[in-house]
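Single-structure report; data block below.
For this chain, numbers begin at 1 and follow the sequence in order.
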Amino acid sequence: MNLISIPAFQDNYIWLLADQQGHCVIVDPGEAGPVLKALSQQQLTPDAILLTHHHHDHVGGVAAIVAQYPDLLVYGPEETANKGANRRVHDGDILEIGGRRYTTIAVPGHTLGHVAFYSEPYLFCGDTLFSAGCGRLFEGTAEQMYHSFQRLAQLPDETLICCAHEYTLSNLKFARTILPQDRQIETYQQQIEQSRAKGVSSLPTTLQLERKINLFLRCHDTDLQKELGFNSPPRQLHSVFSELRLRKDAF
């Protein structure tokens with residue numbers, strides 16, 4: 001498979017997953033122009049669109065793409081029903097598209113109906129899990145997002161995380177304010193600073209790496225808990241997640 005990231009807006013990525021026969025799946029097309037250009041340049045035919053949630057920067061290009069490909073199937077959660085989705089998906093649904101299986105995983109938090117799509121080794125997780133960070137809680141709670149993270153954390157280490165924004169460097173800078181002595185985070189920040197200076201994307205990342213440098217996946221870490229003001233192990237780990245998210249909101 002050929003994974004293609006298409007920059008959009010200021011820091012979005014629209015993803016294409018293409019096979020050797022020239023067919024592809026489009027994930028979260030916030031705008032149509034860059035997608036239609038990529039399809040033409042690479043001579044790709046879309047089989048389907050996958051939508052993770054209803055925000056405009058993820059669905060804004062659906063109508064124009066479907067206008068060019070009228071028979072296109074558009075899969076999305078209930079909250080995307082009026083955003084162009086013509087096929088509803090729910091937690092645990094398995095989609096068969098172009099000979100690949102895509103498992104739908106409910107990950108509420110950023111929005112209440114947010115889903116991710118997993119087709120080994122690719123995880124398209126929208127605005128839930130970012131490299132070194134997590135999405136804002138616009139509709140859901142920290143507890144919901146914590147449990148969504150736990151579901152994604154069950155995937156294999158080699159999972160390629162295809163999130164929808166280039167937030168990695170900002171997230172790493174925040175992580176350094178919490179754990180300034182963490183060498184893994186420090187080293188990775190230096191790597192990303194160098195790659196971003198050259199215009200190179202930080203994505204996709206791997207779940208194996210994220211377990212090390214993403215504080216939102218390390219709520220069990222006693223050093224992290226102490227830095228956040230927990231003098232004894234918290235009864236519920238989602239309270240650690242909540243404190244992290246509050247601090248990130250104010251960062």
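Distance CG/L179 to CG/D221: 6.5 Å, rounded to 0.5 Å. The CD1 atom of I14 sits 10.0 Å away from atom CD1 of I49, with the distance rounded to the nearest 0.5 Å. Remark: C163 SG to L123 CG distance equals 9.0 Å, nearest 0.5 Å. With rounding to the nearest 0.5 Å, the separation of CG in L209 from CD1 in I161 is 8.5 Å. Interatomic distance, OG1 of T45 versus CG of L39, reported as 8.0 Å (0.5 Å rounding). For the atom pair L203 CG and Y167 OH, the distance stands at 11.5 Å (nearest 0.5 Å).
Side-chain atoms of F230 and E243, non-hydrogen and from C-beta on, do get closer than 4.5 Å to each other. For the pair S170/K248, a side-chain contact is recorded, criterion being any heavy-atom separation below 4.5 Å from C-beta on. At a threshold of 4.5 Å between non-hydrogen side-chain atoms, the residues L51 and F117 do not count as touching. Using a 4.5 Å heavy-atom threshold, the side chains of E31 and H56 count as separate. In this structure, the side chains of L224 and L228 come closer than 4.5 Å at one or more pairs of heavy atoms. The closest side-chain heavy-atom distance from Y122 to M1 is below 4.5 Å. Between C125 and T52, the closest side-chain pair of non-hydrogen atoms is not below 4.5 Å. Under the 4.5 Å side-chain criterion, counting only non-hydrogen atoms from C-beta, V89 is in contact with L95.
Residues Y118 and F124 do not share a hydrophobic cluster, defined by chaining ILVMFWY side chains whose heavy atoms lie under 4.5 Å apart. By the rule that hydrophobic residues join a cluster once side-chain heavy atoms approach within less than 4.5 Å of another member, L129 and F251 end up as members of one cluster. Note on L237: it clusters hydrophobically with L152, by side-chain heavy-atom contacts below 4.5 Å among ILVMFWY residues. No path of Ile, Leu, Val, Met, Phe, Trp and Tyr side chains, each step under 4.5 Å between heavy atoms, connects L44 with L17, placing them in separate hydrophobic clusters. Cluster annotation: I94 is not connected to V25 through the hydrophobic network of ILVMFWY side chains, with a link wherever side-chain heavy atoms come within less than 4.5 Å.
Remark: side-chain polar atoms of E210 are paired, donor with acceptor, to backbone N or O of A132 under 3.5 angstrom. Of the possible polar contacts, one joining the Q225 side chain to the C219 backbone as a donor-acceptor pair under 3.5 Å is found. The main-chain N or O of V200 is found under 3.5 Å from a side-chain atom of R196 such that the two form a donor-acceptor pair. Under the 3.5 Å distance criterion, the side-chain polar atoms of N86 are matched with a main-chain donor or acceptor of V74. The backbone N or O of R183 lies less than 3.5 Å from a partner atom in the side chain of T187, making a donor-acceptor pair. With T177 contributing its side chain and F174 its backbone, the two residues share a donor-acceptor pair below 3.5 Å. Judged by distance alone, with hydrogens and angles left aside, the side-chain atoms of R176 form no donor-acceptor pair with the main-chain N or O of N171 at under 3.5 Å.
Within a 6.0 Å sphere centred on CD of Q10, other residues, nucleotides and ligands contribute 12 heavy atoms or fewer. Annotation for N231: atom CG does not count as buried by contact number, only 12 or fewer foreign heavy atoms lying within 6.0 Å.
Taking the side-chain hydrogen bond (donor to acceptor under 3.5 Å, both in side chains) definition, one finds that Q208 meets it with nothing, sequence neighbours left out.
Between the side chains of E143 and S242, no donor N or O sits under 3.5 Å from an acceptor N or O. For the residue pair E193 and Q189, a side-chain donor N or O sits within less than 3.5 Å of a side-chain acceptor on the partner. Checking S201 against Y13 by side-chain atom types alone, a donor-acceptor pair falls below 3.5 Å.
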- Evaluation steps, side-chain contact (heavy atoms from CB on, under 4.5 Å), between V62 and K83: CA-CA 8 Å; V62 172; K83 305 293 184 179; over 6 Å; no
- Derivation of the side-chain contact (heavy atoms from CB on, under 4.5 Å) call for V27 and L16: CA-CA 6 Å; V27 184; L16 301 184; over 6 Å; no
- Given Y75 and R88, is the side-chain contact (heavy atoms from CB on, under 4.5 Å) satisfied, shown in steps? CA-CA 6 Å; Y75 296 93; R88 309 289 183 273; over 6 Å; no
- Task: Kindly indicate, with the supporting measurements, whether the criterion side-chain contact (heavy atoms from CB on, under 4.5 Å) is fulfilled by S131 and I213.
- Result: CA-CA 8 Å; S131 183; I213 55 94; 4.3 Å; yes
- Message: One pair to check against side chain to side chain donor-acceptor pair (under 3.5 Å): E158 and T206. What are the steps and the verdict?
- Response: CA-CA 6 Å; E158 59 271 18; T206 67; over 6 Å; no
- Message: Run the side chain to side chain donor-acceptor pair (under 3.5 Å) test on E139 and H54 for me, step by step, so that the C-alpha distance in whole Å, both residues' side-chain angles and the decisive distance to 0.1 Å come before the verdict.
- Response: CA-CA 12 Å; E139 299 174 13; H54 67 83; 2.7 Å; yes
Show me the donor-acceptor pairs within less than 3.5 Å that the side chains of residues 98-116 make with the rest of the protein, sequence neighbours left out.
| residue | atom | partner | partner atom | Å |
| --- | --- | --- | --- | --- |
| R100 | NE | S119 | OG | 2.9 |
| R100 | NH2 | S119 | O | 3.4 |
| R100 | NH2 | S119 | OG | 3.1 |
| R100 | NH2 | E120 | O | 2.6 |
| R101 | NH1 | E96 | OE2 | 3.1 |
| T104 | OG1 | D93 | O | 3.2 |
| H110 | ND1 | R136 | O | 2.9 |
| H110 | NE2 | H55 | ND1 | 3.1 |
| H110 | NE2 | D127 | OD2 | 3.3 |
| T111 | OG1 | E79 | OE1 | 3.3 |
| T111 | OG1 | E79 | OE2 | 2.9 |
| T111 | OG1 | H114 | N | 3.2 |
| H114 | ND1 | T128 | OG1 | 3.4 |
| H114 | NE2 | H53 | ND1 | 3.2 |
| H114 | NE2 | D127 | N | 3.2 |

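Across all non-hydrogen atoms, the minimal contact from I97 to L50 is CD1-CD2, 4.0 Å. The two atoms that bring V240 and P234 nearest to each other are CG2-CG, 3.5 Å, heavy atoms only. K212 and I185 make their closest contact through O-CG1, 4.5 Å (heavy atoms, listed as atom of the first residue, atom of the second, distance). When all heavy atoms are compared, the tightest approach of F149 to C134 is CZ-CB, 3.1 Å. Closest approach of P77 and T80 over heavy atoms only: O-OG1, 2.6 Å. Residue L72 comes nearest to P46 through the heavy atom pair CD1-O, 3.3 Å, listed as atom of the first residue, atom of the second, then distance.
One finds a salt bridge joining R151 and D91 here, because a Lys/Arg side-chain nitrogen approaches an Asp/Glu carboxylate oxygen to under 4.0 Å. A salt bridge links D157 and R211; the closest N-O separation between the charged side-chain nitrogens and carboxylate oxygens is under 4.0 Å.
Ring centroids of H165 and F130 are separated by less than 6.0 Å, placing the two rings close together.
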